[in-house]
Amino acid sequence: MKASFNINNSVSELELNPNETLLNALRNNGFTEVKCGCNEGECGACLVLLKDKPVNSCQVLAMSVQNKKIKTVKGIGTLHNPNLIQKIFASTGADQCGFCSPGMVVAAYSLLKENSSPSNEEIVEALDGNLCRCTGYVKIIEAVKRSAIILQENKVEAE
Amino acid sequence: MFKYIKKPIEKIDGLALVTGNEKYTDDFSFDNMLHVSVLHSGFAYAKIENIDESAALKMPGVVEVLSYKNIKQILYTTAGQGYPEPSPYDTVLFGNVMRFVGDNVCAVAAETKEIADAALKKIKVSYKRLKPLLDFEKSENSKILVHKDDGAFPKIPVYYDASQNLAAKVEANVGNFEEAFLSSENKIEHTFFTQYASHCAIEPHAAVSYIDTRGRLVIISTTQVPFHVRRIVSHIAEIPISKIRVIKPRIGGGFGGKQEVLLEPIVALITWKTKRPAKLVYSRKEVFKSSRTRHGYRTIFKVGFQKDGKINAIHLDALENSGAYGSHALTVLSNAGSKTLPLLNKIENLKFTGKGVYTNLPCGGAYRGYGATEAYFGYGQIVDMVCEATNNDIIEYYKKWSIKSGETSPIFKALGEGKEGVAMTVTSTSLNECLEVGAKESGWYEKEKLYGANSTFNKGKRFKRGIGMAALMQGSAIPEIDMASAYIKMNDDGSFNLNIGATDLGTGSDTILAQIASEVLDTPVENFIVTSSDTDFTPFDTGAYASSTTYLSGQAVLKCATKIKEQILQVGAEILGVNIDEVEIYDSNVVIKSSNENQNKGEVSYEDICRYSFYQNNQFQIQAGVSHVSPKSPPPFAAHFVEIEVDTFTGIIKVLKYVATVDCGTPINTTLAEGQAEGAIVNGISYALFENYYFSQHGKLLNDTFGKYGMYTAADIPPIKIFLIDSYEETGPFGAKSISEININGALPAIANAFFNATGKRLFKAPFSPEYVLKILAG
Amino acid sequence: MLSENLKWYFPSSVSQAVELIQKPGVILHAGGTRILKTQSKNIVGLVDVGNLKLNYIKFKNNSFHIGSATTFNDVIKFSKENNCLKMLGAALSQAASTPLRNRITVGGSLKDFPLWSNLYAPLITIDAKIEIRGDKSGIYSVEEYVSDGIIKSKHIIKEIIVPENENIIWKVKRFALLKFEYPLFNIAIAFKMNGKIIEDAKLVITGVKNRFKRFKKAEKFLTGQKLSNNLSDEIEKFIEPKFVSDYKYSASYKETVAKVYFNELLSEIIRENL
Ligand SMILES: Cc1cc2nc3c(=O)[nH]c(=O)nc-3n(C[C@H](O)[C@H](O)[C@H](O)COP(=O)(O)OP(=O)(O)OC[C@H]3O[C@@H](n4cnc5c(N)ncnc54)[C@H](O)[C@@H]3O)c2cc1C
Ligand code: FES
Ligand code: FES
């Protein structure tokens, strides 16, 4: 069957089954930038924004969010038009294998959009659903801090 | 001074990764693709008497079932190592004996994953259950034999005895341990245990295969070892190597877990048989139970030492729980000795005895640290105990007794990887500086006394603080075994293709290798188009393991780029009409050396040089291919310092601060080097404190999800400070050694030593779970 | 695996929803996190609560009314501004992870009552009520709700009602080594105060043998007492949680730690309010 979603600001009809998760529906329809690390809500690789809030797409049944606004990491920025946070993630070394990065960027973006000067506590709290085995999180936290500083200096929003 | 080395250069795939643009194995799908699911054994030890797959095959959409009934029983090892592998040939892809809960029963290929999963439930397997062997300490003399009459054999001439459950046995003797031990003034003997663990790369194992337009088999896989995959798949599937192409796309972390050939033969056989693309992706649960783990270890240290602290004799006896198969059993075991015992190289009498035993538990394999992690747990505490007993300051002790530049250890020769080792002299170390900087940055001298034995700081307190440290070494590549190669060609805009067999697992080696070529050719990293890990298009490389890529593949790139440089200089000189020795390269140009007066006129760009070589006189392609084998494995060194707080009411240990000083030679890329250290340290801490495999009494893994296993998030990590303290390793590219593994080894001994500093008690068993800690505090 | 022929319903009123769930195999869908975990093949239909307008927090008749479709994160956000709900907010902010808390609803969590629930212990201590519609329509205390007859009946939770009380002092704590981890147990303590006198005390732990335990003897002992430092030691003997051993921790270890935590929380609550 088909169901309609607003993905990265355009309406997409996804082919899916009624028992399917949003993660599978997205990946099966070409949105492979959303990653699957566990399928159990325990790693955060599958994070997307649902109505501007981060959720584990593997823990959402797709049918329950039809017509809702969904944003993947590519909706935040693309290779040719990256978001500031993505640029800083890359330049800080917050990505090693990069498998966690789509989810991390979604979580970081959502935090900075709500709160442009987060404390250390607020940063790590916002990232508490995202596992990364490569970096030890040090440079990820640093990247979020740097992003916040630059966003503030430029007085811009994490658009 | 370097231009492109020792710089925090951004990963060449960085932006593509963080924008979700890069492709990983599971992101590849093909028309008409089959989906594969594997049925795993629910019993720890059982013989399959029959598999009835008829009901599954009748299901619409089921295309193929692979089991022992239709698969040739070819013995191999899943360990992706050089050929002939030092691991025993004791595995068949689908056999009729199940040796652990999670072993492969059969595979189903179907039109969708859902159908394949549903079909698994329709397969009727009749098992004859056998009594499993679950206690590795009882394996050697057990009546239960894990590999009985199955033809398992060692591929190289090493000790192997399935009739005693011995997958591996290693022994090395230097001097006379027994005599020296007996005559020592002081003797200690302690037994330590380390546990199973999962690599937890966030990307699960996956493989996709298809037949290309000319009938060849293409495998895309999450592998650290594409060339070994090609060879091993060829062996199991009986497809000529010439008909197989293996591609490693981006991969989501490995840590040793993907140095194992597990899924590739399955999809290969399905595709070869059906001529249809096939995909297999493991679930997280499958990764936990059915892929590979860190081996479990018991290490017994016997040490004889003098009143002044001089160690006369040390014996390390290691017992390795290899699990159901002997993947990496021998080499991890040897490394338990070869990566620890040379550190205090002035000990004259050394003995290493090790056995790797089979059990009916999940199968061990390569895991970051590779034996060293397991052995440093005891080694690092033993040194602390000796210092404690003899009133030595441990920092000064390591400074005095550890191996120095120009020195050697007989262990290097005595312990190799399946054969005799390679004698070598250490030519680079900054360990003493590491110790000093680490002591200073961690506040060692003040805190060690403040928290230690007779201080009042901790007296009567529920929360007790302690500080501990450990010194470490590892290796860089396997000497005289590992080989890497690189190929470079020049393009007509002055850019270069850099083709390497080396495997970037997320470590950033594609970037690091480009930096090395950049430095040689004095041209920016952006000018390199890096292609790696494609068996059709890149030259051979043993793969990403043994901390080898920067040191070994990097040297191959350096040699290759140097050849390119000679060709560029030659063409440049020709264009400029001067002798080759009158020119040099500078910033993507060939220039006439500055001593020459005509300096300004005398330069020609890389672009013009390549165009000239393509289209004008003496035409040829500027290109080179070079291989490299290292004559040695220079150890990186590190000193780790950790401060902890012990809740003596609950047994919870909290890490307050972690300082690591690391000598990796020249860090080619400072950001990536720090990142390697940070990642390894966090993994080391969680391994020390809670990561573990819990089994039911029938050998079934109970904590097979991230949630039950336990994983740190950003919210849990202590402040971590890394100091890279250079040395210069002559045999490595621009002085580089390795950094990827060593830093996982520190947390176990350093935290245990900090615990002693805080409480006066010793921890002998990892992980330091709160319940175990309470028991130690009470006892 | 959930059935491929799963039917979805999107009713716009609670009564329609109640009607729909009468059919066998048809259940409510809120955050869906539990439904995805169980993957029960027996579910034939899901009734989404999304259009029932049950996502709200209101103040009415001296009580807070939390709609059952409210997510944990929405409760946390709202609780920051309201003293009385702070306890709930503090407990829920320890649950799961940020993205999961954007999906997990209070209704789904009440019905599900996982062993690791961060919701139950605080709700019991602050005398929350649960309003349900269905066979057993009515307003129940949390303890009444979890009795088999009601929690297992076909019903929809409409809302949680939390009585406003400015004079409550409280503590919550969970046992977990990691930020994102299923807690072994959750503890909540609340005292209704009249000056320095404890008018009413509630001490609750979840994750124990029978899911939850109220220490009524301790509560009784504390009621009417004046806050003083020795209270925490005096009631130690009444705190005897019973656990089941699991692969990671023995029952006796859990008991030890639960007692330590109770003692610690009581000492803190007393110290901070003396
Ligand atoms: C990885 C992970 C970690 C977690 N960690 C924690 C934790 O630390 N602490 C914690 O408290 N929770 C935690 N949870 C959440 C908990 O386990 C449940 O999944 C969750 O509480 C269910 O809520 P839901 O809204 O998703 O319910 P659903 O899955 O939608 O529904 C659950 C049940 O409730 C029924 N239901 C739904 N809404 C109503 C209603 N309004 N009235 C009556 N019945 C209804 C459904 O029919 C179903 O039977 C975690 C979950 C996951 C996936
Ligand atoms: S894949 Fe969704 S949380 Fe891991
Ligand atoms: S970069 Fe590999 S998991 Fe985060």
Side-chain angles (χ1 to χ4, degrees), chain A residues 1 3 16-24 34 38-68 70 102-111 114-115 118 121-132 137, chain C residues 1-11 27-52 55 69 71-74 76-77 80 90 92-105 108 114 116 176 178-182:
Chain A
M1 63 182 290
L16 50 77
N17 285 327
N19 63 348
E20 212 159 353
T21 60
L22 180 60
L23 171 61
N24 275 353
V34 189
C38 72
N39 230 345
E40 314 227 25
E42 296 174 343
C43 79
C46 66
L47 247 54
V48 297
L49 295 176
L50 172 64
K51 294 191 285 176
D52 295 325
K53 285 182 187 155
V55 298
N56 306 71
S57 62
C58 72
Q59 294 300 299
V60 175
L61 280 160
M63 287 295 288
S64 69
V65 295
Q66 291 172 81
N67 300 315
K68 298 272 166 13
I70 289 156
M104 285 287 181
V105 168
V106 165
Y109 171 86
S110 144
L111 166 75
E114 291 237 319
N115 178 356
E121 249 105 83
E122 287 167 326
I123 291 173
V124 299
E125 166 105 19
L127 302 179
D128 69 0
N130 296 80
L131 303 184
C132 173
Y137 305 103
Chain C
M1 269 282 295
L2 289 168
S3 159
E4 263 186 49
N5 306 316
L6 201 61
K7 279 247 163 1
W8 280 87
Y9 306 94
F10 299 92
I27 66 164
L28 292 168
H29 170 273
T33 57
R34 184 64 198 184
I35 292 166
L36 277 162
K37 181 134 282 172
T38 50
Q39 293 279 335
S40 164
K41 254 193 122 66
N42 305 328
I43 301 173
V44 298
L46 287 176
V47 180
D48 192 70
V49 301
N51 293 342
L52 302 181
N55 182 357
T71 64
F72 276 16
N73 269 347
D74 281 343
I76 294 164
K77 222 184 208 165
K80 284 179 185 150
L92 295 190
S93 60
Q94 299 179 337
S97 66
T98 301
L100 281 168
R101 290 193 301 272
N102 282 328
R103 284 300 287 178
I104 299 171
T105 66
W116 49 84
L178 305 167
K179 175 73 183 23
F180 182 16
E181 189 184 349
Y182 301 100

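Just so it is clear, the model here is predicted, and its values are computed rather than measured. FYI, side chains are in, hydrogens and waters are out, and symmetry mates aren't considered; it's all heavy atoms of this structure. By convention in this document, chain letters (A, B, ...) are assigned in the order of the sequence lines, proteins followed by strands, and residues within each chain are numbered from 1.
More than 12 heavy atoms of other residues, nucleotides or ligands sit less than 6.0 Å from atom NZ of C/Lys179. More than 12 heavy atoms of other residues, nucleotides or ligands lie within 6.0 Å of NZ in C/Lys37, so this atom counts as buried by the packing criterion.
In this structure, chain A has a heavy atom under 4.5 Å from the side chain of C/Leu46, while its backbone stays farther away. For A/Leu50, the part lying near chain C is the side chain, with the backbone staying farther off; criterion is any non-hydrogen pair under 4.5 Å. For A/Val65, the part lying near chain C is the side chain, with the backbone staying farther off; criterion is any non-hydrogen pair under 4.5 Å. Proximity to chain A (any heavy atom under 4.5 Å) is shown, for C/Leu100, by both the backbone and the side chain.
To the nearest 0.5 angstrom, C/Asn102 atom CG is 13.0 Å from A/Gln59 atom CD. How far CD of A/Glu20 is from CG of C/Leu2: 11.0 Å, rounded to the nearest 0.5 Å. The distance from atom CG of A/Asn130 to atom CZ of C/Phe180, rounded to the nearest 0.5 Å, is 9.5 Å.
For the residue pair C/Pro99 and A/Asp128, the shortest heavy atom distance occurs at CD-OD1, 4.3 Å. Nearest heavy atom pair, residue C/His29 against residue A/Ser64, reads CE1-CB, 3.4 Å. Scanning all heavy atoms of the two residues, the minimum distance from C/Tyr182 to A/Glu42 falls at OH-OE2, 2.5 Å. Between C/Ser97 and A/Gly129, the closest heavy-atom pair is CB-CA, 3.4 Å.
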Give the C-alpha distance, both sets of side-chain angles, the deciding distance and a yes or no for side chain to side chain contact (heavy atoms under 4.5 Å, CB included) between C/Leu36 and A/Thr21.
-> CA-CA 9 Å; C/Leu36 277 162; A/Thr21 60; 3.6 Å; yes

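Between chain C and the options A/Leu47, A/Asn39, A/Val60, the largest number of non-hydrogen pairs under 4.5 Å is found for A/Val60. The candidate from A/Leu61, A/Asn17, A/Val106 with the greatest count of non-hydrogen atom pairs under 4.5 Å with chain C is A/Leu61.
Looking at heavy atoms from C-beta onward, A/Lys53 lies in side-chain contact with C/Asp74 at the 4.5 angstrom threshold. Proximity of A/Leu111 to C/Thr98: side-chain heavy atoms (C-beta onward) are nowhere separated by under 4.5 Å. Contact of the C/Ser3 side chain with the A/Asn19 side chain is not registered, since no non-hydrogen atoms from C-beta on lie closer than 4.5 Å. For the pair C/Arg103 and A/Asn56, the minimum side-chain heavy-atom distance is 4.5 Å or more.
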